[in-house]
Amino acid sequence: MKIHMFSGSGFAWRIQLACALKGIPYHPAYMQPTPENLKSAAFLTLSPRGKVPAIEADGYSLSESLAIMAYLEAKHPDRPLFGTTPEETGRIWQKCLDFDLYVSGDFIPNLIAPIVQGRAADEADAVRKGAETAHEELAKLDDGVGASGWMIGESVTAADITLYTMIEPVIRFATKPEVLSLGLGFESFASRYPKLQAWREKVQSLPEYDATYPTFWREVDERLAAAS
Ligand SMILES: N[C@@H](CCC(=O)N[C@@H](CS)C(=O)NCC(=O)O)C(=O)O
């Protein structure tokens with residue numbers, strides 16, 4: 001199975017994690033995230049809105065990360081990621097949809113994008129507002145971590161994957177040295193959101209996790225470590 005993606009895309013990371021947890025072999029087909037690539041006629045046949053991820057397998061193609069995870073679940077039911085009872089399945093979908101419909105659409109354009117694109121200092125007020133909204137949502141998510149330490153049920157599910165792959169970029173980018181002076185408040189993530197921090201460590205200690213870590217982030221981190 002081919003995953004059309006660029007490294008560092010949280011949405012594509014979801015598919016890598018789902019495949020890794022289920023033991024589905026995949027090939028990451030990396031592309032540069034340029035309009036020429038994303039909006040090319042060929043790519044639009046795979047992903048009608050010109051967004052990654054899109055997958056191709058056995059003559060079938062699909063876009064939208066939640067739809068792809070649902071497809072993978074139906075195709076490879078072992079190690080269920082969408083629950084083992086109808087009640088759990090409903091809760092997992094609720095968590096995923098709530099996050100994608102009401103939260104990630106705010107995290108990305110108002111907080112992550114300006115930092116990644118080097119606009120944060122010029123748009124400081126808007127970025128601070130984005131951070132405020134993110135903190136409100138993180139506080140609710142912190143409250144919602146289950147007794148098992150996972151979001152829903154007793155093991156890792158699509159709900160954990162869906163949230164983790166969006167929260168990790170927020171922590172990574174909103175704690176970059178160049179934005180610390182904006183006082184966005186993510187350096188204290190661990191003490192501010194202790195349940196989410198423990199959950200984050202639980203995800204990171206999954207044996208399948210490391211191989212899915214964005215190669216681009218790893219390269220940047222290694223370069224920075226070598227330079228310091
Ligand atoms: N709802 C989509 C969102 C995908 C998405 O926004 N992907 C971003 C990369 S993280 C993208 O391709 N952006 C390029 C663009 O919008 O032109 C999903 O869940 O797959």
Side-chain angles (χ1 to χ4, degrees), residues 1-22 24 26-57 60-75 81-82 89 92-120 127 130 133-134 137 141 151 156-174 176 203 212-220:
M1 190 182 87
K2 227 190 242 185
I3 308 177
H4 294 275
M5 59 178 288
F6 49 86
S7 182
S9 157
F11 293 104
W13 197 2
R14 292 175 175 176
I15 310 311
Q16 291 179 285
L17 267 170
C19 284
L21 290 168
K22 283 181 169 291
I24 305 167
Y26 65 88
H27 166 67
Y30 290 114
M31 62 162 82
Q32 286 300 318
T34 59
E36 292 72 35
N37 290 335
L38 288 163
K39 312 300 175 204
S40 70
F43 189 63
L44 289 174
T45 63
L46 303 176
S47 176
R49 294 194 185 269
K51 291 182 187 291
V52 299
I55 57 148
E56 273 186 284
Y60 177 74
S61 63
L62 191 66
S63 61
E64 286 300 319
S65 58
L66 297 183
I68 297 170
M69 285 199 289
Y71 160 81
L72 295 174
E73 180 83 352
K75 192 100 180 155
L81 294 176
F82 282 90
T89 304
I92 292 164
W93 272 110
Q94 181 186 35
K95 201 88 177 166
C96 294
L97 287 172
D98 181 77
F99 192 79
D100 271 18
L101 292 173
Y102 305 110
V103 185
S104 67
D106 201 86
F107 270 27
I108 299 166
N110 298 328
L111 184 58
I112 304 182
I115 299 173
V116 172
Q117 294 161 7
R119 300 184 269 116
V127 173
T133 314
E137 293 296 339
L141 290 172
M151 287 292 162
V156 61
T157 68
D160 301 294
I161 297 175
T162 296
L163 272 60
Y164 180 85
T165 50
M166 297 290 120
I167 292 174
E168 206 51 29
V170 169
I171 300 169
R172 178 180 177 87
F173 291 106
K176 288 268 173 207
V203 174
T212 70
Y213 191 80
T215 48
F216 176 58
W217 289 7
R218 208 185 288 284
E219 283 162 18
V220 170

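One-based numbering, in listed order, for ligands and for the atoms of each. We use all heavy atoms of the structure for the numbers below, so side chains are in, but hydrogens, waters and symmetry mates are not.
The backbone N or O of Ala54 lies less than 3.5 Å from no partner atom in the side chain of Ser63, so there is not a single donor-acceptor pair. Formation of a donor-acceptor pair under 3.5 Å by the Thr162 side chain with backbone atoms of Ala159 is not found in this model.
Atoms of ligand 1 lying under 4.0 Å from at least one heavy atom of Lys39, given by number and element, are 15 (C), 16 (O), 17 (O). Interface atoms of ligand 1 facing Leu38, defined by a heavy-atom separation under 4.0 Å, are 14 (C), 17 (O). In the vicinity of Pro53, heavy-atom distances shorter than 4.0 Å reach the ligand 1 atoms 20 (O).
Not a single side chain to side chain contact (heavy atoms under 4.5 Å, CB included) links Leu44 to another residue, sequence neighbours left out.
At the top of the distance list for atom 4 (C) of ligand 1, counting protein heavy atoms only, stands Val52 O, 3.2 Å. Atom 9 (C) of ligand 1 has as its closest protein heavy atom Phe6 CZ, 3.4 Å. Given atom 19 (O) of ligand 1, the protein heavy atom at minimum distance is Ser65 OG, 2.6 Å. Protein heavy atom in closest approach to atom 10 (S) of ligand 1: Ser9 OG, 3.2 Å.
Annotation: the span from Asn37 atom CG to Phe43 atom CZ amounts to 9.0 Å, rounded to 0.5 Å. Rounding to the nearest 0.5 Å places CD of Glu137 at 7.5 Å from CG of Asp106. Interatomic distance, Met69 CE to Leu17 CG, rounded to the nearest 0.5 Å: 9.0 Å.
Relative to atom 2 (C) of ligand 1, the option among Met166, Lys51, Glu64 with the closest non-hydrogen atom is Glu64.
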